[in-house]
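Per chain, numbering begins at 1; letters A, B, ... match sequence-line order.
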Number of protein chains: 2
Amino acid sequence: MRSPRRPPPPPAKIADVARLAGVSVATVSRALATPDVVSEATRERVLAAVREIGYTPNIAARNLRARKSMMVLVVVPDISNSFFADVLRGIDEALVAENYGLIIANLGQRPEQEARYVNLALAGQVDGVLLLCGHILTGGGRKLTDAPVPIVAACEIIPGADFPQVEVDNRAAARAAVEHLIGLGHRRIAYLSGPRANILDRARAQGYADALAAVGPADPAWIIEGDFSFHAGTKAAQALAALPAGSRPTALFAASDEMAIGFIKTARGLGLAVPADISVIGFDGIDYADFCEPTLATVYQPRRILGAAAADLLIGLMTGRDKPHAQIKRVETQLWARASAGPLVIREG
Amino acid sequence: MRSPRRPPPPPAKIADVARLAGVSVATVSRALATPDVVSEATRERVLAAVREIGYTPNIAARNLRARKSMMVLVVVPDISNSFFADVLRGIDEALVAENYGLIIANLGQRPEQEARYVNLALAGQVDGVLLLCGHILTGGGRKLTDAPVPIVAACEIIPGADFPQVEVDNRAAARAAVEHLIGLGHRRIAYLSGPRANILDRARAQGYADALAAVGPADPAWIIEGDFSFHAGTKAAQALAALPAGSRPTALFAASDEMAIGFIKTARGLGLAVPADISVIGFDGIDYADFCEPTLATVYQPRRILGAAAADLLIGLMTGRDKPHAQIKRVETQLWARASAGPLVIREG
DNA sequence: ATGAAAGCGCTAACAC
DNA sequence: GTGTTAGCGCTTTCAT
């Protein structure tokens, strides 16, 4: 008894097309890859044959032969983080325009996964690697930098790396944010930090210090340790609300919008007015900063552009247009003045 | 003059390992793929040789020979949408656990890109496809379903598809949301819709109608057309605030949290209290629903679980464990009662 | 338990 | 402009 449903025919190969078109496999290959080098008539016949049997080139074979994959490995710490989601979009747009595909390495909280992706690169399965994770992958006793493919890092800079990197100028952007508060008359300005070991936080903290130093040493830094999370904002608000009005900062620079929003929501719940009692400025420029109440002043990071810039750098290396060398490219941030940061209000004591 | 920096040596191949270990390439292959079939001593020698020259198998060659890629194509409408970012995380977790990699197809607003991804599947570059985009890809005159690889769809169901699909039960979930409002005493309940052609909106609208019908025909549907966006919520609030209190709905079911939040923010700005003047419940369960003021009642969609469920179904098909057949798997939603939905307040008229 | 050898499907010299 | 052919690096019979 025969199987009721015949197994699907094996996919057509280049030889099948060649036979049908009455030409050699080389001619088929040329007609597809470099059409202008075959005669018009032949080309037509080949393309007709391709259509007729529904031929699609086997990419594994092509990769093997051509020693390239037209794929880029993008390493993200957490794909569900909306910051990276936006960066990925910029990367995708740039890469797709040059016909590269995207393989995602989502690290999550699984450092043991790194080996897998190191191998991918080592094995030549990708033509380039984009590192958004702030460190060089290692695993199985080997480093990603041993792989024979170009690397570009973005978002979190890797100090000392000898390949191109892209970031926003966190220090200058933070300074601009604090200067905005200073311009509004504030002098007692607190900084709600990220994790203190984090490289982004260190740069933003420096920018905060820069701005304060510029108006004189009389106004010491006032750092509240946070971790970028909404909850850290909540805790900071509770701490500050407990202080008497006179000894409270009049403004707060938060290292992330999420903390700023947590701070504002909680502070208002505890009876502090924003910006009347305390002005707040965040960092990131998330969509929600414009939706909350009051709207959140913040520093916008152009996430898509950041991703696209990194991808463009990588494309330059992959195509051989550029030579790899250590460099740090900076993309511009924007200061978004909004309702949560207002002029200093002098209260009668 | 010699180049100061020698070109990197070509990556080691299996023959190099074989030579160093004093065995045949076949033995090396076996020592790596099926270690238990070679003698202990040989295996040791091979592995030592592998380490010594830093050998990594060429995956393109393996794929060509083995006719599989251990890669899955995941098609998303918009990678920067945080809904899909979460679903992707669930997919990644399930896939990585089975040693599959992820190739991302981000459609964006570029339907012309579809052909590229159809070809990827047709060419056997991936072992399976996960469709999160609500339709079957086409391009270059061919359909994705022509490809010899299993397909699973998720999020937006594709009617009539003959492969497995995963979704939340939008109709039942919407009904539960509206029943929550009804349980709080509300009867004049409006529905702020998504795009009316959208399949998700159609299901949620039905759930809304179901719930209303259950309490009697005396309470007609009241549908405000939206599009899932914050701005649509804003417009709806303006429209309702313009109405006299007595002829306004006392509760609103929004088809997305973003609309619900836009609605609440605007309504409050216009002097309407939430929930006292109007109760609001959303749909999605985004993080921000818990951060806004008041906290947003909503229907939580388990995005990660949805992704993982779809990936598991696909893994079953790819490994041949299951046979493909039309089926719709539903994952459970959760009703999150929160401050924005409160008991009906009877005002003296 | 191990080796020899035949391809997987394609591209790129090299010939004509 | 077109055909012939030699691999790309690996897995997997089939022998031994």
Side-chain angles (χ1 to χ4, degrees), chain A residues 9-47 49-50 53-70 119-127 147-148, chain B residues 9-47 49-50 53-70 119-127 147-148:
Chain A
K13 35 216 263 191
I14 201 168
D16 301 327
V17 178
R19 196 172 319 116
L20 183 58
V23 297
S24 73
V25 293
T27 299
V28 175
S29 177
R30 284 191 280 253
L32 263 24
T34 51
D36 30 307
V37 86
V38 299
S39 76
E40 165 99 35
T42 313
R43 192 186 332 141
E44 302 281 272
R45 249 178 327 131
V46 169
L47 295 181
V50 164
I53 62 181
Y55 166 74
T56 312
N58 177 310
I59 303 190
R62 171 181 298 171
N63 289 351
L64 177 59
R65 182 61 229 228
R67 295 153 169 292
K68 63 194 177 81
S69 64
M70 296 307 285
N119 273 333
L120 219 60
L122 250 21
Q125 168 101 310
V126 295
D127 293 344
Chain B
K13 34 215 265 194
I14 200 168
D16 300 327
V17 178
R19 198 172 318 115
L20 183 59
V23 297
S24 73
V25 295
T27 300
V28 175
S29 178
R30 283 190 280 252
L32 262 24
T34 50
D36 32 306
V37 86
V38 299
S39 77
E40 165 100 34
T42 313
R43 191 186 334 140
E44 300 282 90
R45 244 171 338 125
V46 169
L47 294 181
V50 164
I53 60 181
Y55 166 73
T56 312
N58 177 311
I59 303 190
R62 171 180 297 172
N63 290 351
L64 177 59
R65 187 54 229 230
R67 298 153 168 291
K68 63 194 178 83
S69 65
M70 296 307 285
N119 272 334
L120 218 61
L122 250 21
Q125 167 101 310
V126 295
D127 293 343

Sequence neighbours excluded, which residues qualify as side-chain contact (heavy atoms from CB on, under 4.5 Å) partners of L20(A)?
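Partners of L20(A) by the side-chain contact (heavy atoms from CB on, under 4.5 Å) criterion, ordered by chain and then number, come out as A49(A), E52(A), I53(A).
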Under the side-chain contact (heavy atoms from CB on, under 4.5 Å) test, which residues partner V50(B), sequence neighbours left out?
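Only V17(B), L32(B), V46(B), Y55(B) meet the side-chain contact (heavy atoms from CB on, under 4.5 Å) criterion with V50(B).
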Specify the closest pair of heavy atoms between [X] and [Y], including all atoms of both residues, with the distance to one decimal.
X	Y	answer
V126(B)	S69(B)	CA-OG, 3.3 Å
D127(A)	M70(A)	OD2-N, 2.6 Å
P57(A)	A123(B)	O-CB, 3.1 Å

Which pairs of donor and acceptor atoms, one on a side chain in residues 21-28 of chain B, lie under 3.5 Å apart (sequence neighbours left out)?
residue : atom : partner : partner atom : Å
S24(B)  : OG   : A26(B)  : N            : 3.4
S24(B)  : OG   : T27(B)  : N            : 3.3
S24(B)  : OG   : T27(B)  : OG1          : 3.2

T42(A): which residues meet the side chain to side chain donor-acceptor pair (under 3.5 Å) condition with it, sequence neighbours left out?
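Once residues adjacent in sequence are excluded, the partners of T42(A) under the side chain to side chain donor-acceptor pair (under 3.5 Å) criterion are S39(A).
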Which pairs pass side chain to side chain donor-acceptor pair (under 3.5 Å) with one or both residues in residues 56-68 of chain A, sequence neighbours excluded?
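Passing the test, one end in residues 56-68 of chain A: T56(A)-R142(B).
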Tell me, please, the opening and closing nucleotides of DNA chain C, 5' to 3', among those with an atom under 4.0 angstrom from a non-hydrogen atom of chain B.
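Listed 5' to 3', the contact boundaries are dA1(C) to dG9(C).
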Check nucleotides 6-9 of chain D against the protein and report each pair of N or O atoms closer than 3.5 Å, with its distance, or say if there are none.
residue : atom : partner : partner atom : Å
dG7(D)  : N2   : R65(A)  : NH1          : 2.9
dG7(D)  : N3   : R65(A)  : NH1          : 3.3
dC8(D)  : O3'  : R67(A)  : NH2          : 2.7
dG9(D)  : OP1  : R67(A)  : NH2          : 2.8
dG9(D)  : OP2  : K13(B)  : NZ           : 2.7

Sorted by first residue and then second, give each salt bridge (charged side-chain N to carboxylate O under 4.0 Å, His left out) pair with at least one member in residues 12-30 of chain B; sequence neighbours left out.
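Of all non-adjacent pairs touching residues 12-30 of chain B, those that pass salt bridge (charged side-chain N to carboxylate O under 4.0 Å, His left out) are D16(B)-R19(B).
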Does anything in residues 21-34 of chain B reach DNA chain D, meaning a heavy atom under 4.0 Å, and if so which residues?
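Here the set is A26(B), S29(B), R30(B).
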Given DNA chain C, 5'-ward residue of the pair A15(A) and E40(B), judged by closest heavy atom:
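Counting from the 5' end, the first nearest nucleotide belongs to E40(B).
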Using five pairs at each end of the helix from dA1(C)-dT16(D) to dC16(C)-dG1(D) to define an axis, what is the angle between those two axes, to 10°?
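Answer rounded to 10°: the end axes differ by 30°.
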